[in-house]
2 protein chains.
Amino acid sequence: MTLVTHAIRNGVDTEKMFATLDLIKAQPELAKFQFRATNHWIDGAHNRSTIKAFYAAGGEDTTRSEEFVIDAGEPAILLGSDTGPNPAEYLLHALAACLTTSIVYVAAARKVELTSVESTLTGEMDVRGALGVDDEPRNGFERIGVIFRVSGNAPEEKLREVVERARKRSAVYDIVTNGVPVALEVATD
Amino acid sequence: MTLVTHAIRNGVDTEKMFATLDLIKAQPELAKFQFRATNHWIDGAHNRSTIKAFYAAGGEDTTRSEEFVIDAGEPAILLGSDTGPNPAEYLLHALAACLTTSIVYVAAARKVELTSVESTLTGEMDVRGALGVDDEPRNGFERIGVIFRVSGNAPEEKLREVVERARKRSAVYDIVTNGVPVALEVATD
């Protein structure tokens, strides 16, 4: 029982974590994942994504019992009616969530018990780009600022190392800082 | 009344849209926006973002009456308990939502009445990168596939032009394909 108790750190089952890492080292083909989202337009700036199925570890993962449904929108100044966060805000959320989970997992692996992880993200945008008014400003964020406040049972230097390792391994940080090729196909009825 | 009726197309107030574009052309300094998200860790892969305030058109926007609260998680195979979509799935949602709203707005501006906009997004990831098992695969998606199905009262060629223009102006498409500089600061208690 003592072993089981200690295996859970920061809410992460570290025995399962190390077993997963060993399995993927032994069988790298299990590391191929595919995540998915389907989206449909509702009205104006209101659209909705449904997220459930994904491919992992050599097959379709069927462990999720329910689908996630998330709504997007725009505020009034961008011609919406606040039916949800706007897409750029969702991107900030994706980045915050990925860095946070990376911090929590790295800390669990390094025997650091965290007490608090908070972050504030800001994205600067000149909307002339996205609105098509001017070709000079880019469409997306010019820059993103992230401030983390992390507390736990480790010296400041170790907490900073945890955050740095998490930054180096975060999937969404990689996507947002380095970009990803996107292939877009269109079917019309 | 006829004028008002026709001003709303695809749920978008096109009179307000063109007035906004004219205003920003006349006063480009109003185009500086800042979007924000704050996030706090709950347990394991579960964390939560709060989204409300933003800066727009020369000041803090105070039109949003309530904050948006969105939860992230991971499925069991990635050591979570499905407390929400995972961060990479949120990124796909952000991209789908931004392209969809861009399509709807461009169509409204070009007098195309849409009847349906649906999309399916897939992101391929070798999780050895993000899990720190191997340095060779990148952490994030290797590629993203987007398939749009668009219907409306216009010939196929015009619908395709709308999608192409939307792609060229989408903020999140720009971020995801081209990347953005991210400045990360850490405070420890």
Side-chain angles (χ1 to χ4, degrees), chain A residues 11 31 33 35 37-41 43-45 47 49 51 63 68 72 76 85 87 89-94 96-98 100-101 117-121 123 125-128 130 139-141 143-144 146-149 151 156 159 163 171-172 174-175 179-182 184-189, chain B residues 11 31 33 35 37-41 43-45 47 49 51 63 68 72 76 85 87 89-94 96-98 100-101 117-121 123 125-128 130 139-141 143-144 146-149 151 156 159 163 171-172 174-175 179-182 184-189:
Chain A
F33 279 48
F35 294 110
T38 60
N39 182 283
H40 73 274
W41 171 54
D43 195 30
N47 63 72
S49 288
I51 291 170
T63 59
F68 299 113
E89 291 169 324
Y90 270 116
L91 183 123
L92 294 179
H93 162 64
C98 195
T100 298
T101 297
V117 182
E118 296 181 345
S119 57
T120 301
L121 284 78
M125 189 184 293
D126 184 323
V127 297
R128 285 179 295 166
N139 303 326
F141 290 135
R143 60 189 171 279
I144 293 174
V146 181
I147 300 175
F148 266 98
R149 291 167 297 284
S151 309
E156 175 173 347
L159 291 174
V163 176
V172 176
D174 172 24
I175 294 168
V180 172
V182 177
L184 196 159
E185 295 175 39
V186 185
T188 57
D189 299 327
Chain B
F33 279 47
F35 294 110
T38 61
N39 182 283
H40 71 275
W41 172 52
D43 195 29
N47 63 71
S49 288
I51 292 169
T63 59
F68 300 112
E89 290 169 326
Y90 270 117
L91 184 124
L92 294 179
H93 162 64
C98 195
T100 298
T101 297
V117 182
E118 297 181 345
S119 56
T120 301
L121 284 78
M125 187 184 294
D126 185 322
V127 297
R128 286 179 294 168
N139 303 325
F141 289 133
R143 59 190 171 279
I144 294 173
V146 181
I147 300 174
F148 266 97
R149 290 166 298 282
S151 309
E156 176 174 346
L159 291 175
V163 175
V172 175
D174 172 24
I175 293 168
V180 172
V182 177
L184 196 157
E185 294 175 39
V186 185
T188 58
D189 297 329

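Numbers restart at 1 for each chain; the letters A, B, ... are given by sequence-line order, proteins then strands.
The most heavy-atom pairs under 4.5 Å with chain A, out of T101(B), I175(B), T120(B), V180(B), come from V180(B). Of the listed residues (I144(B), T63(B), V172(B)), the one with the most heavy-atom contacts under 4.5 Å to chain A is I144(B). Ranked by non-hydrogen atom pairs under 4.5 Å with chain B, the options E89(A), R149(A), H40(A), H93(A) are led by H93(A). Chosen from D174(B), L184(B), I147(B), the residue pairing most often with chain A at heavy-atom distances under 4.5 Å is D174(B). Of all the listed residues (A76(B), G123(B), G11(B), A96(B)), the one sharing the greatest number of non-hydrogen pairs under 4.5 Å with chain A is G123(B). The residue among N39(B), T38(B), V117(B), V186(B) with the most heavy atom pairs within less than 4.5 Å of chain A is N39(B).
In this structure, OG in S49(A) is found 7.5 Å from CG in L121(B), a value given to the nearest 0.5 Å.
Only the side chain of I51(A) has a heavy atom closer than 4.5 Å to any heavy atom of chain B. At a 4.5 Å heavy-atom cutoff, the contact between N47(A) and chain B is made by side-chain atoms alone. In this structure, chain B has heavy atoms under 4.5 Å from both the backbone and the side chain of Y90(A). With a 4.5 Å cut-off on non-hydrogen atoms, V182(B) touches chain A through its backbone and its side chain both.
Looking at every heavy atom in both residues, W41(A) comes nearest to T100(B) through CB-CG2, 3.8 Å.
Legend: residues meeting salt bridge (charged side-chain N to carboxylate O under 4.0 Å, His left out) with E156(B), ordered by chain and number and at least two apart, are R160(B). Under the rule for a salt bridge (charged side-chain N to carboxylate O under 4.0 Å, His left out), R143(B) has no partner lying at least two apart in sequence or in another chain.
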